[in-house]
Amino acid sequence: MSLKMLLRGTTSAPLPTSLHLRTATTSRHHHPHSLSITASSASSSSSSSATFPATTLSISDAELESWGFALHRDPASLDLDRLNAVFVAVGFPRRDPGKIRVALEHTDALVWVQHRRTEKPVAFARATGDGVFNAIIWDVVVDPSFQGIGLGKAVMERLVGDLLDRGIGNIALYSEPRVLGFYRPLGFVADPDGIRGMVYSRKQKKKK
Amino acid sequence: MLAHNLVAPASSSAPPSPFAFDRRRRRQPPNHPLFPDASPSGLAGVFAASRRFKVFPLKASFWETIRSGLLKDSATQIVDPPTIPEEEEEILPQEFLLFEKTLPDGSLEQIIFSSGGDVDVYDLQALCDKVGWPRRPLSKLAAALKNSYIVATLHSVRNSPGSVLLYLQKLPTDESAQTKLIGMARATSDHAFNATIWDVLVDPSYQGQGLGKTLVENLIRTLLQRDIGNISLFADSKVVEFYRNLGFEADPEGIKGMFWYPKY
């Protein structure tokens, strides 16, 4: 395929690298089914948060509290070394805490669960983006000792809800194959309309 | 535009162009009989070597072109876009010339890349219109740009016929230069680990020349030089190959891009 075609494709197929999902009523896309993928943001003047159904919580804040957990939405009391330990425990690389701090300072939204008795962070998820159109969720982790009781779901539902409340309609993430089943019930769809997640790799680059 | 910035003294009261080249990154031009008015001190202010940046190699060939363009009656002068070196050793200037050509009417058109993010939101709106994207509220567009880690742009700068020599003699400014936004790509990031590229667009009348490729390549270089280790994007199926050729891998290790939308 020539580059010319590709770039023409870029213009005629709206926003290949910026996908804006919107509900059916105001869609101009040719897609027949109701969940049309269009090029525009959901945040046109009248249709911001009204278009999105409220996400219901599987576990309420009160329930989490009664189980001995505290919910947080800011990194103020987050112990970065302990967060790093959770990352390592689930198989992420250990990261420079200084860099983690920078990343958190430039994070649009985050939700984390603290185990009250030990004060440890046991579940975490954050989102970056442009604050109006797009958000990407990163670093969704649950301490292995606390997995299986719904904490991952708890942070995800709240994070998505917070983003939707701000009118951010395009919420994306990258999922390892083995946890696709975790994200699907939360409302996430892989490769919608053939859109592919791509990552840059220097060794992948073809030489001309 | 490049030329007039070069010869303007540091204390010039000329209004800054929307994306003024950083004059400190210029290289001293070779001594040349056509630049008799360029005083050494004036140029020294412009070509201060106070920064640690190495000069982008394009500058040498650009000056060669300028000289030969003035010495003889040149027809169309096209400088081939430089191949981007495999090893990113040189620090990328925030703004640099990609290539230039002399148009049939004798004017000079320069294509400038910038990662400085100085975008007029109205120009961007007009560009989005040109490529056929639905309208987004201007205030949100402005906010999205502001909240983006890097906004990379391509601008076309046209100097009217016969004005190149005038610029070198430091006549004022932009009356005879037209600047046009012809491409944009932006990346959001947490400034530490991850960046995601959005909204890559090139003016349809400038497509087919490799500008989209150059735009994304230089955005990537900018990100890499800021130590962002993970650069991602979401590609429409039609452009997956385009990005693959730029070094992107779809579904690496089976990792899938997923999007949230409500089920009705």
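In what follows, chains are A, B, ... by sequence order, proteins preceding strands, each numbered from 1.
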For this session: Could you tell me which of A:Leu163, A:Val102, A:Leu173 has the largest number of non-hydrogen atom pairs under 4.5 Å with chain B?
Result: A:Leu173

Exercise. Taking every heavy-atom pair that is under 4.5 Å apart, which of A:Leu104, A:Ile100, A:Thr107, A:Asp108 has the most such pairs with chain B?
Worked result: A:Ile100

Under 4.5 Å from any heavy atom of chain A - which part of [X]:
| X | value |
| --- | --- |
| B:Asp251 | both |
| B:Ser189 | backbone |
| B:Leu141 | both |

Problem set entry | Aromatic centroids of A:Tyr174 and A:Trp138 separated by under 6.0 Å | yes

Problem set entry | Most chain A-contacting option - heavy-atom pairs closer than 4.5 Å, from B:Ile255, B:Asn147, B:Thr188 | B:Ile255

Exercise. Got more than 12 heavy atoms from elsewhere within 6.0 Å of OH, B:Tyr122?
Worked result: no

Problem set entry | NZ (A:Lys99) with more than 12 external heavy atoms under 6.0 Å | yes

Seminar exercise, completed: So, the part of A:Arg178 with a heavy atom under 4.5 Å from chain B: the answer is neither

Exercise. Which answer fits A:Ile136, side chain, backbone, both or neither, if we ask what part of it has an atom under 4.5 Å from a heavy atom of chain B?
Worked result: side chain

For this session: State plainly whether the residues B:Arg136 and B:Asp199 are in salt-bridge range, i.e. N to O under 4.0 Å.
Result: yes

Problem set entry | Check ion pair A:Arg101-A:Glu105 (N to O, under 4.0 angstrom) | no

For this session: Start with the C-alpha distance between B:Glu217 and B:Lys213, add both sets of side-chain angles, then the distance that settles salt bridge (charged side-chain N to carboxylate O under 4.0 Å, His left out), and finish with yes or no.
Result: CA-CA 6 Å; B:Glu217 272 174 342; B:Lys213 188 164 179 288; 3.2 Å; yes

